[in-house]
J.: 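Mind looking over this structure? Questions follow.
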Amino acid sequence: MGGLALNERYIASEIEAKWQKVWAEQNAFGSEINRQKPEYYVLEMFPYPSGKLHMGHVRNYSIGDVFARFKKMQGYNVLHPMGWDAFGMPAENAAIKNGIHPAKWTAENIANMRRQQQEMGLSYDWEREVTTCSPDYYKWTEWLFLLFYDMGLAYKKKAAVNWCTECNTVLANEQVEDGRCWRCDSPVVKKELEQWFLKITQYADRLLADLGELKGWPERVKVMQENWIGRSVGAEFSFDAPEIGEKIAVYTTRHDTIFGVTYVVLAPEHPFVAKLTAGKPEETAVSAFVERVRNLSEINRTSTETEKEGIFTGAYAVHPITGEKVPIWVANYVLLEYGTGAVMGVPAHDQRDWEFAKKYNLPIRQVIAPQGGHETDFAKWTAAYDGPGVMVNSGKFDGLNGETGKEKVADWLEKHKVGKRRVTYRLRDWLISRQRYWGAPIPIIYCDKCGTVPVPKKELPVLLPENVRFDGGAVSPLAEVEEFINCTCPKCGGKARRETDTMDTFICSSWYYYRFTDAKNANEPFDTAKVNYWAPVDHYIGGIEHAILHLLYSRFFTKVLKDAGMLNVSEPFKNLVTQGMVIKDGAKMSKSKGNVVSPEEIIAKYGADTARLFILFAAPPERDLEWSDQGVEGASRFLARLWRIVGHYAPTVKAAEKGYDPGSLTKAERELRRALHATIRKVTDDVGVRFNFNTAISAIMELVNAMYLFREQVAQPNPGLIRETVSGLLKLLAPFAPHITEELWNETIAEGSVHQQTWPSFDAEAIQVEECEVVLQINGKVRDKIVVPVGLNAKELEAKAFEQERVKALTAGKQVVKVICVPQKLVNIVVKE
RNA sequence: GCCCGGGUGGCGGAAUGGCAGACGCGGCAGACUCAAAAUCUGCUAUCAGAGAUGGUGUGGGGGUUCGAGUCCCUUCCCGGGCACCA
């Protein structure tokens with residue numbers, strides 16, 4: 001041994017801090033545009049600065065770091081930045097609870113988490129760090145809001161919106177889960193408020209269509225987005241309501257059942273309800289019903305369990321084709337926000353309508369003859385039939401197949417100008433106003449004379465005032481700051497008021513990955529040439545919880561920015577990895593369950609390399625990962641094993657000349673060389689193509705095992721081969737365990753940094769084996785194995801198989817029906833008794 | 001209800017239609033040691049058998065194939081998403 005550190009035990013803490021310092025001093029992971037190299041942008045979803053890292057973060061960053069380091073070694077110009085999604089409720093809650101200003105609380109948390117990330121040995125370009133709550137960032141968030149405003153994509157409207165009673169703010173649809181707030185889980189109620197929206201619905205078709213381009217996204221994320229956008233193709237047409245001189249528009253996807261309409265239903269909030277009942281005996285009862293439904297919580301209102309309830313308005317509508325008079329009802333199962341807020345009731349062919357009609361004794365009329373084994377006797381039906389079939393009782397449309405019928409009915413509606421084809425989306429516009437302090441101010445001014453006036457771009461940013469009161473009240477803190485509210489109108493110079501709502505923090509995170517490409521630009525959000533060099537993000541890694549939220553918003557932003565000419569990509573993230581959760585004892589780690597393992601403690605005890613290696617080895621990235629203390633021990637043991645074997649060979653490597661004659665190797669040496677090159681091939685494929693790190697690591701473990709066996713067998717190995725093996729091994733492991741490999745590299749090869757090396761390539765000739773084992777099967781069961789020269793063809797192999805004693809014995813006296821020979825693999829002999 | 005995942009040893013997990021269980025954990029044994037730890041080596045799906053060996057085995061049932069964890073049909077269980085969206 002060389003009398004170096006390698007004589008001693010592997011102690012992670014001694015080497016990790018040393019190399020982290022060296023890398024920082026050398027700015028080893030800095031990035032700049034270099035058109036001589038292909039670029040590669042690796043990004044992990046930036047965190048909310050909650051205060052300290054949890055295991056989910058460790059997993060997220062470990063995965064990203066492997067990609068970044070691997071691509072860099074492969075010769076790519078890698079961008080791998082990190083930043084902070086720093087606006088949001090927790091900072092404000094801390095202010096209310098502990099009296100710390102959100103800015104201070106956030107800054108302290110960032111400092112701590114950044115330190116923890118550095119202790120993980122992550123290869124970030126810290127020069128590009130962005131913090132969304134910093135004025136030089138949110139200036140551009142405000143600027144982008146104005147861009148949307150100028151493009152007609154930001155508007156204010158009064159609407160019944162989701163209000164979280166706990167957070168005291170409104171929420172977007174995407175942020176309500178099962179009628180509860182996505183962040184604090186408290187019930188959401190509807191509130192009628194005037195709020196700012198972004199017109200994401202205008203991009204619904206493109207957001208849906210372009211999902212097809214995202215070959216590198218997990219199927220389930222695409223499906224979730226598809227469901228969320230919820231495209232449906234149908235028709236809109238009107239029933240005359242002669243009593244009030246209006247037309248009631250309805251939307252349906254089943255216009256082939258139009259002759260089955262026996263009533264029309266309005267949503268309780270529909271504007272015609274009051275008009276239709278005015279002065280009628282039903283008026284009092286209807287308005288009481290409407291009032292009762294409107295006061296229901298979101299959970300009760302939208303549950304499928306809730307019984308269908310309704311009430312007759314006393315008014316009638318005229319069927320556009322038959323001229324028939326049908327009653328107009330109001331019911332709780334019709335939603336104002338979707339379609340036209342009114343539906344046609346076809347109880348025979350819609351289960352909701354069926355239940356409703358049964359309950360209120362409304363007529364049920366069959367207009368579709370079922371196909372495919374369904375009960376054809378209408379009198380025996382116990383539920384609506386919504387399957388395919390042929391139109392009946394439908395006048396001149398009788399006999400048409402439903403699908404054809406839809407087209408004919410739509411043609412008829414369009415020809416007679418009572419309706420038209422229409423595509424509807426479930427997606428709603430994005431509500432972005434938040435009645436909170438800790439967010440980017442919406443740069444809008446209200447003037448009594450000029451109305452709504454955008455803040456001129458040269459006056460940005462609208463800064464958050466520092467001195468505000470945090471009392472947790474229902475009013476946003478900004479609404480109580482007179483100096484903030486009072487301003488002059490940019491148009492007329494008169495007295496005016498500022499908007500006091502701030503923006504949803506998902507706005508800040510919808511464009512941060514573009515800011516990284518030009519993080520310090522003081523004149524615009526980012527330079528177009530720079531963004532076009534790096535974008536899109538080649539590999540994005542984050543949690544599945546953003547399958548819709550952040551990932552949908554970011555896709556929307558990207559399309560708008562493209563339309564604005566600011567960049568030339570239409571999708572932000574080329575490949576997406578949605579990592580699984582880190583669980584322990586069968587449940588997600590959480591304080592309430594008491595099963596939290598602290599990354600800080602693990603790193604202190606075993607080192608960052610062990611933590612990273614374990615978490616990458618224990619499961620493939622997409623799957624949930626069960627935490628195992630013993631598994632961590634195993635990872636640590638492997639690194640110590642690596643340390644010892646490389647330590648053993650360190651003097652050999654140092655004394656070795658570069659290069660050797662492969663022809664001079666002994667059999668055992670050839671075998672080691674084969675193992676090395678096979679490992680290079682496998683790791684390259686697992687990391688670069690399959691994104692499976694656990695199998696890559698197991699392959700490296702096998703190589704180390706092979707080296708131990710080799711050491712037992714060969715006392716005086718070829719030094720050149722040993723050098724090649726140690727060098728290759730360290731390079732392969734470098735992306736996973738960057739510190740120990742750097743240390744060992746420095747103690748053996750000692751040329752620069754292992755992380756600056758070129759990724760090894762395998763030698764096809766080295767992987768060639770002279771002999772291989774072939775399985776001999778009789779009727780598909782393995783009966784023997786033989787070792788044969790690789791070159792044997794099927795015929796030779798078959799002959800060889802029949803020479804075997806066992807084969808002779810087992811086929812004796814039997815008729816050989818067929819023989820399947822797969823060279824280098826197997827021989828299957830099919831025999832008959 | 002609809003749509004995605006997923007069910008493989010004691011555990012985490014491997015297997016381009018070709019030896020199921022790589023690698024790791026755990027367990028057992030041997031070497032080293034006065035002894036232990038650490039380390040190194042070997043064994044470790046299950047049943048029968050002293051062993052050679054044979055049978056069984058990837059949630060269940062059926063199918064395609066010389067050959068199925070892998071493909072097809074069907075069914076059960078677990079996880080997730082959407083859901084009064086007309």
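Everything numeric here is computed off the predicted structure, so don't read it as measured data. So that the names make sense, note that chain A is the first sequence line, chain B the second, and so on, each numbered from 1.
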J.: B:A45 and B:U39: how far apart are their C1' atoms, nearest whole angstrom?
T.: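 So the two C1' atoms sit 29 Å from each other.
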J.: Would you indicate, yes or no, if B:G18 has its OP1 or OP2 atom less than 4.0 angstrom from a side-chain nitrogen or oxygen of A:Lys781?
T.: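 Indeed not, no polar side-chain atom of A:Lys781 lies that close.
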J.: Using purine N1 to pyrimidine N3 plus N6-O4 or O6-N4 for Watson-Crick, or N1-O2 and O6-N3 for G-U wobble, each under 3.5 Å, what pairs with B:A14?
T.: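 Checking every strand shown, B:A14 finds no partner, since no pair has both distances under 3.5 Å.
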J.: Counting side-chain heavy atoms from C-beta on, which of B:C25, B:A14, B:C66 comes nearest to A:Asn828?
T.: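 Selected nucleotide: B:C66.
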J.: Taking the six-membered ring for Trp, are the ring centroids of A:Phe693 and A:Phe691 within less than 6.0 Å of each other?
T.: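 No; A:Phe691 has its ring centre 6.0 Å or more from that of A:Phe693.
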J.: Ignoring the backbone of A:Met701, work out which of B:C66, B:G24, B:U16 is nearest its side chain.
T.: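 Of the candidates, B:G24 comes closest.
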J.: So what's B:A31 paired with, Watson-Crick or G-U wobble, going by both distances under 3.5 Å?
T.: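 Checking every strand shown, B:A31 finds its partner in B:U39, with both distances under 3.5 Å.
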J.: Does the pair A:Arg180/A:Glu177 count as a salt bridge with the N-to-O cut at 4.0 Å?
T.: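 No, this pair does not count.
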J.: Please report, rounded to the nearest Å, how far the C1' atom of B:C11 is from the CZ atom of A:Phe617.
T.: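 Atom CZ in A:Phe617 sits about 13 Å away from atom C1' in B:C11.
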J.: Does A:Val819 reach a base, just sugar-phosphate, or nothing at all? Heavy atoms under 4.0 Å.
T.: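 The answer is nothing, as A:Val819 stays clear of every strand by at least 4.0 Å.
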J.: Consider the side chain of A:Trp228, meaning its heavy atoms from C-beta on, and name the nucleotide among B:C82, B:G26, B:G13 that approaches it most closely.
T.: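 The closest nucleotide is B:C82.
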J.: For B:A14, does either OP1 or OP2 sit under 4.0 Å from a side-chain N or O belonging to A:Asn694?
T.: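 For B:A14, OP1/OP2 do have a side-chain N/O of A:Asn694 under 4.0 Å.
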J.: Measuring only the P atom in each nucleotide, how far is B:G6 from B:C73? A whole number of Å is fine.
T.: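 Result for the P pair: 16 Å, nearest Å.
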J.: Is there a Watson-Crick or G-U wobble partner for B:U65 with both distances under 3.5 Å, and which nucleotide is it?
T.: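 Pairing partner, where one exists within any strand: none, as none qualifies.
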J.: Tell me what A:Arg806 touches on the nucleic acid: a base, only sugar-phosphate, or nothing, going by heavy atoms under 4.0 Å.
T.: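 Answer is sugar-phosphate: A:Arg806 comes under 4.0 Å of backbone atoms only.
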J.: Which whole number of Å gives the distance between the C1' atom of B:G17 and that of B:U65?
T.: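 My reading of the C1' atoms in B:G17 and B:U65 gives 9 Å.
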J.: Can you tell me if A:Lys800 has over 12 outside heavy atoms packed within less than 6.0 Å of its NZ?
T.: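 No - once you tally the heavy atoms of other residues, nucleotides and ligands closer than 6.0 Å, there are 12 at most.
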J.: Regarding A:Pro620, tell me which of base, sugar-phosphate or nothing describes its non-hydrogen contacts under 4.0 Å with the strands shown.
T.: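 The answer is sugar-phosphate, as A:Pro620 gets under 4.0 Å only of primed atoms, P, OP1 or OP2.
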J.: From the list B:A86, B:G12, B:G13, which nucleotide is the closest neighbour of the side chain of A:Thr252?
T.: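 That would be B:A86.
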J.: Would you kindly compare A:Ser698 and A:Val221 by the position of their nearest RNA chain B nucleotide and give the one closer to the 5′ end?
T.: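 With A:Ser698 and A:Val221 compared, the 5'-side residue is A:Val221.
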J.: Name the nucleic acid region contacted by A:Gly634, choosing base, sugar-phosphate or nothing; use a 4.0 angstrom heavy-atom cut-off, strictly under.
T.: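 Touches sugar-phosphate only.
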J.: Suppose we define a pair by two distances each less than 3.5 Å, Watson-Crick or G-U wobble; what does B:G5 pair with here?
T.: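 Result: B:C78.
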J.: Atom CD of A:Glu712 to atom P of B:C32: distance rounded to whole Å?
T.: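 So the two atoms are 14 Å apart, to the nearest Å.
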J.: By nearest nucleotide on RNA chain B, pick out whichever of A:Glu219 and A:Ile544 is the more 5' one.
T.: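 On the 5' side of the pair lies A:Glu219.
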J.: Among the candidates B:C19, B:U41, B:A86, find the nucleotide nearest to the side-chain atoms of A:Leu709.
T.: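 Closest nucleotide to the A:Leu709 side chain: B:U41.
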J.: Could you tell me whether the phosphate oxygens of B:C40, OP1 or OP2, come under 4.0 Å of any side-chain nitrogen or oxygen in A:Arg644?
T.: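 So the side-chain polar atoms of A:Arg644 do come within 4.0 Å of the phosphate oxygens OP1 or OP2 of B:C40, strictly under.
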J.: Looking at A:Tyr263 versus A:Tyr360, is the centre-to-centre ring distance below 6.0 Å?
T.: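 No: the rings miss the under 6.0 Å criterion.
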J.: Looking at the side chain of A:Ile820, which of B:A14, B:G12, B:C66 is the nearest nucleotide?
T.: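 Output: B:C66.
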J.: Take atom P in B:C25 and the same atom in B:G42, then report the distance between them in whole Å.
T.: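 Between the two P atoms, the distance is 14 Å.
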J.: At less than 4.0 Å, is any side-chain N or O atom of A:Arg690 found next to OP1 or OP2 of B:A15? Yes or no.
T.: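 For B:A15, OP1/OP2 do have a side-chain N/O of A:Arg690 under 4.0 Å.
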J.: Hey, does A:Leu676 have a side-chain heavy atom less than 4.5 Å from the side chain of A:Leu703?
T.: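 The answer is yes, as the side chains (C-beta and beyond) meet within the 4.5 Å cut-off.
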J.: Check this for me: does any side-chain nitrogen of one of A:Lys808 and A:Glu805 sit under 4.0 Å from a carboxylate oxygen of the other?
T.: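 A:Glu805 and A:Lys808: salt-bridged.
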J.: So which nucleotide from B:G18, B:U41, B:C23 ends up closest to the side chain of A:Lys825?
T.: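 The nucleotide sitting nearest to the side chain is B:G18.
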J.: Select base, sugar-phosphate, or nothing to describe what A:Arg220 touches, counting heavy atoms under 4.0 Å on all strands.
T.: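 The answer is sugar-phosphate, as A:Arg220 gets under 4.0 Å only of primed atoms, P, OP1 or OP2.
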J.: Given B:A38, is OP1 or OP2 found less than 4.0 Å from the side-chain N or O atoms of A:Arg637?
T.: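 For B:A38, neither OP1 nor OP2 has a side-chain N or O of A:Arg637 closer than 4.0 Å.
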J.: How is A:Asn705 classified with respect to the nucleic acid when contacts are heavy atoms under 4.0 Å: base, sugar-phosphate, or nothing?
T.: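 Counting heavy atoms under 4.0 Å across all strands, the contact made by A:Asn705 is with sugar-phosphate only.
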J.: If you compare every side-chain N and O of A:Arg783 against the phosphate oxygens of B:G54 (OP1, OP2), does one of them come in below 4.0 Å?
T.: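 Indeed, a polar side-chain atom of A:Arg783 lies that close.
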J.: In whole Å, what separates the C1' atom of B:A36 from that of B:U46?
T.: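 Taking atom C1' in both B:A36 and B:U46, they lie 35 Å apart.
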J.: When you compare the side chain of A:Trp381 with that of A:Ile364, does any pair of heavy atoms fall below 4.5 Å?
T.: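 They are not in side-chain contact.
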J.: Check this for me: A:Lys359, atom NZ, are more than 12 non-hydrogen atoms of other residues, nucleotides or ligands nearer than 6.0 Å?
T.: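 Yes, enclosed.
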J.: Please work out if A:Arg428 contacts a base, only the sugar-phosphate, or nothing of the nucleic acid, heavy-atom cut-off 4.0 Å.
T.: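 Base: the residue A:Arg428, judged by heavy atoms under 4.0 Å, touches a nucleobase.
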J.: Tell me the interatomic distance from A:Met224, atom CE, to B:G79, atom C1', rounded to whole angstroms.
T.: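 Whole-Å distance recorded here is 13 Å.
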J.: Quick check: does any side chain N or O of A:Glu236 sit under 3.5 Å from a backbone N or O of A:Lys420, one acting as donor and the other as acceptor?
T.: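 No; zero donor-acceptor contacts below 3.5 Å.
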J.: Please work out if A:Glu226 contacts a base, only the sugar-phosphate, or nothing of the nucleic acid, heavy-atom cut-off 4.0 Å.
T.: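 Contact class for A:Glu226: none.
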J.: Mind checking who B:A48 pairs with, Watson-Crick or G-U wobble, both distances under 3.5 Å?
T.: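 Answer to the pairing question: B:U53, which forms a Watson-Crick or G-U pair with B:A48.
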J.: For B:G9, decide between syn and anti, treating a glycosidic angle within 90° of 0 as syn.
T.: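 Base orientation relative to the sugar is syn.
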J.: In terms of side-chain heavy atoms of A:Arg641, which of B:C85, B:C19, B:C40 is nearest?
T.: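 Within the option list, the nearest is B:C40.
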J.: Taking atom P in both B:G60 and B:G10, compute the distance separating them and give it to the nearest angstrom.
T.: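 14 Å, rounded to whole Å.
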J.: With a 4.0 Å cut-off on heavy atoms, is A:Val223 in touch with a base, just the backbone sugar-phosphate, or nothing at all?
T.: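 The residue A:Val223 makes sugar-phosphate contact but no base contact.
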J.: Could you tell me how far B:C78 sits from B:U8 if I compare only their P atoms? Round to whole Å.
T.: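 To the nearest whole Å, 14 Å.
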J.: Check every strand shown and say whether A:Ser232 touches a base, only sugar-phosphate, or nothing at a heavy-atom separation below 4.0 Å.
T.: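 Sugar-phosphate, backbone atoms only, no base.
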J.: Does B:C66 have OP1 or OP2 under 4.0 Å away from a side-chain N or O of A:Lys818?
T.: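 Looking at the OP1 and OP2 atoms of B:C66, one of them is under 4.0 Å from a side-chain N or O of A:Lys818.
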J.: Any side-chain N or O of A:Tyr708 below 4.0 angstrom from OP1/OP2 of B:C40?
T.: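 For B:C40, OP1/OP2 do have a side-chain N/O of A:Tyr708 under 4.0 Å.
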J.: Is it true that A:Glu403 and A:Lys406 make a salt bridge, defined as a side-chain N closer than 4.0 Å to a carboxylate O?
T.: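 Looking at A:Lys406 together with A:Glu403, the answer is yes, because their closest N to O distance falls below 4.0 Å.
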J.: Would you say B:U39 has OP1 or OP2 under 4.0 Å from some side-chain N or O of A:Arg9?
T.: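 False: A:Arg9 side-chain N/O out of range (4.0 Å or more) of B:U39 OP1/OP2.
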J.: Name the closest nucleotide to the A:Gln777 side chain, picking from B:A86, B:U39, B:G18.
T.: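 Minimum distance to the A:Gln777 side chain belongs to B:G18.
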J.: For atom C1', what is the distance between B:G81 and B:C72, given to the nearest Å?
T.: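 Approximately 27 Å lies between the C1' atom of B:G81 and that of B:C72.
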J.: Looking at B:G12, B:C85, B:C25, which one has an atom nearest to any side-chain atom of A:Leu335?
T.: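 Within the option list, the nearest is B:C85.
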